[in-house]
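Single-structure report; data block below.
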There are 2 protein chains.
Amino acid sequence: MVPGFLSKNKHIILYGVSLAVLLFLLKWLELRLVIIDHAFELYVGAIAVLFTLLGIWLALRLSRPKVRTIVVEKEVLVQPQGNGFELNEKELARLAISNRELEVLQLMAEGLSNQEIAARLFVSLSTIKTHTSRLFEKMDVKRRTQAVEMGKRLHIIP
Amino acid sequence: MVPGFLSKNKHIILYGVSLAVLLFLLKWLELRLVIIDHAFELYVGAIAVLFTLLGIWLALRLSRPKVRTIVVEKEVLVQPQGNGFELNEKELARLAISNRELEVLQLMAEGLSNQEIAARLFVSLSTIKTHTSRLFEKMDVKRRTQAVEMGKRLHIIP
DNA sequence: CCCAAATTCATGCTAAAGTATGAACGGGGA
DNA sequence: TCCCCGTTCATACTTTAGCATGAATTTGGG
């Protein structure tokens, strides 16, 4: 920036630098004296600092990370259907419903009339009427619709 | 176990114990000499150990714990049952079933007679008969049991 | 072999369901 | 305003469901 600056102030700069170096040396010597005077304490302090750092390093290095296991419940819709119908034998036994009566109940649940059920089972209409009456009595209902309802609710029919 | 064991071997035991104490004292003195001889090293070593422990303690205390989060997806079976009934609006619209007719169909599915449905809805038996007839016509069935069956199958009723 | 239960069938009757037809009323959209 | 649709009701009739009762036949187990 200023080309002739160094040559013009050579003496002043030299003096300043010399002074600075001298002051630096004095300070350095002072520091050395302090170090020499308190060599033991400084040594111990250095050891303390170093081994503290070592301890920190060891801890960070060797401490196994805390594993926090988070269980996320993932909802999975499952079709329990798959024609999963189990006949409730207990209710069937409790109500004392016979095989034939169960057959009639099943056909009834399909929406067949007594006449159609009779044709399906190769018996007369009277027989079906008897069966249905007994069914209603055993199941404690008054109508075929109620019988079907009850049957489904008790898992007697699908 | 053996009651007279102590009294019988009193002298032997006394001798053994004396020997052991003597040996222990010797060892202790030896240890003291070692300690005195190497006092500085031991001091520094103790400092090192202590500050290492301090470092470890500081690290464990102040460093935020490394948390490795493991997400485990646990499949949970969900019953789509839980009163999960969605009315099938499409089928309802396709069959052009009115609100009132749907009400009648629902009560029919509960096993009520026409008379009971009429009482429940505060209308006459004739009205219910009209509704049921229209229902059977629209659903293309012949009996109430079939209507209920069809309704459940088409998800029009629960 | 015998008995109880299950299955079958019939007859007569009542109640309920279902069909057919007509009509009145009210709300909302063309 | 008029008309369509939903809702309501009635009457008359047919069909089906359900009840009561009795009885014949079969069947499985003690």
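Reminder, nothing fancy here: chain letters follow the sequence lines and each chain counts from 1.
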With rounding to the nearest 0.5 Å, note down the distance linking [atom1] in [X] to [atom2] in [Y].
X	Y	atom1	atom2	result
B/Leu107	B/Leu121	CG	CG	5.5 Å
B/Ser133	B/Ile128	OG	CD1	11.0 Å
A/His131	A/Arg100	NE2	CZ	6.0 Å
A/Glu101	A/Ile156	CD	CD1	11.0 Å
A/Leu154	A/Lys90	CG	NZ	13.5 Å
B/Met108	B/Ser113	CE	OG	12.0 Å

Could you go through nucleotides 26-30 of chain D and list every protein N or O atom that sits under 3.5 Å from one of its N or O atoms, giving the distance for each pair?
none

Exercise. Which pairs with one or both residues in residues 139-152 of chain B pass side chain to side chain donor-acceptor pair (under 3.5 Å), sequence neighbours excluded?
Worked result: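 Counting only pairs at least two positions apart or across chains, the side chain to side chain donor-acceptor pair (under 3.5 Å) contacts touching residues 139-152 of chain B are A/Glu116-B/Arg143, B/Asn114-B/Arg144.
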For this session: Is it possible for you to say whether B/Val104 and B/Leu125 belong to one hydrophobic cluster, with membership spreading through side-chain heavy-atom contacts below 4.5 Å?
Result: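 No, B/Val104 does not connect to B/Leu125 through the hydrophobic network.
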Nearest-Å distance for atom pair [atom1]/[atom2], residues [X] and [N]:
X	N	atom1	atom2	value
B/Leu105	C/dG18	CG	P	12 Å
B/Gln115	C/dT14	CD	P	18 Å
B/Ile97	D/dC5	CD1	P	17 Å
A/Glu137	D/dC19	CD	P	9 Å
A/Leu95	C/dA6	CG	P	13 Å
A/Ile117	C/dT7	CD1	P	15 Å
A/Glu103	C/dA6	CD	C1'	13 Å
B/Leu107	C/dA17	CG	P	13 Å

Exercise. Sequence neighbours excluded, which residues qualify as side chain to side chain donor-acceptor pair (under 3.5 Å) partners of A/Arg134?
Worked result: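 Partners of A/Arg134 under the side chain to side chain donor-acceptor pair (under 3.5 Å) test: none.
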Exercise. Which residues in residues 139-148 of chain B have at least one heavy atom lying under 4.0 Å from any atom of DNA chain D?
Worked result: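 Hits under 4.0 Å, by residue number: none.
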Exercise. Under a 4.5 Å cut-off applied to non-hydrogen side-chain atoms, are B/Thr132 and B/Ile117 in contact?
Worked result: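 No, every pair of side-chain atoms sits at 4.5 Å or beyond.
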For this session: Could you point out which residue of B/Val141, B/Ile97, B/Leu95 forms a side chain to side chain contact (heavy atoms under 4.5 Å, CB included) with B/Leu135?
Result: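 It is B/Ile97, the one option of B/Val141, B/Ile97, B/Leu95 that forms the side chain to side chain contact (heavy atoms under 4.5 Å, CB included) with B/Leu135.
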Exercise. OP1 or OP2 of C/dA16 sitting under 4.0 Å from any side-chain N/O of B/Asn114?
Worked result: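 Checking C/dA16 against B/Asn114, no side-chain N or O comes under 4.0 Å of OP1 or OP2.
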Seminar exercise, completed: Quick tally for nucleotides 6-15 of chain D: nucleotides whose base has a protein heavy atom under 4.0 Å get B, sugar-phosphate-only ones S, the rest -, giving SSBBBB----
For this session: Mind listing the closest non-hydrogen atom pair of A/Ile157 and A/Ala109 along with its distance?
Result: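 In this case the closest contact between A/Ile157 and A/Ala109 is CD1-CB, 3.7 Å.
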For this session: Describe, as an angle rounded to 10 degrees, how the axis at the first end of the helix from C/dC1-D/dG30 to C/dA30-D/dT1 is tilted relative to the axis at the last end, five pairs per end.
Result: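 Rounded to the nearest 10 degrees, the bend comes out at 50°.
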For this session: Identify whether any heavy atom of B/Ser133 sits under 4.0 Å from a base atom; if not, whether one sits that close to sugar-phosphate; answer base, sugar-phosphate or nothing.
Result: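 Counting heavy atoms under 4.0 Å across all strands, the contact made by B/Ser133 includes a base.
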Exercise. So A/Ser124 and A/Thr127, side chain to side chain donor-acceptor pair (under 3.5 Å) or not? Walk me through it.
Worked result: CA-CA 5 Å; A/Ser124 77; A/Thr127 305; 3.2 Å; yes
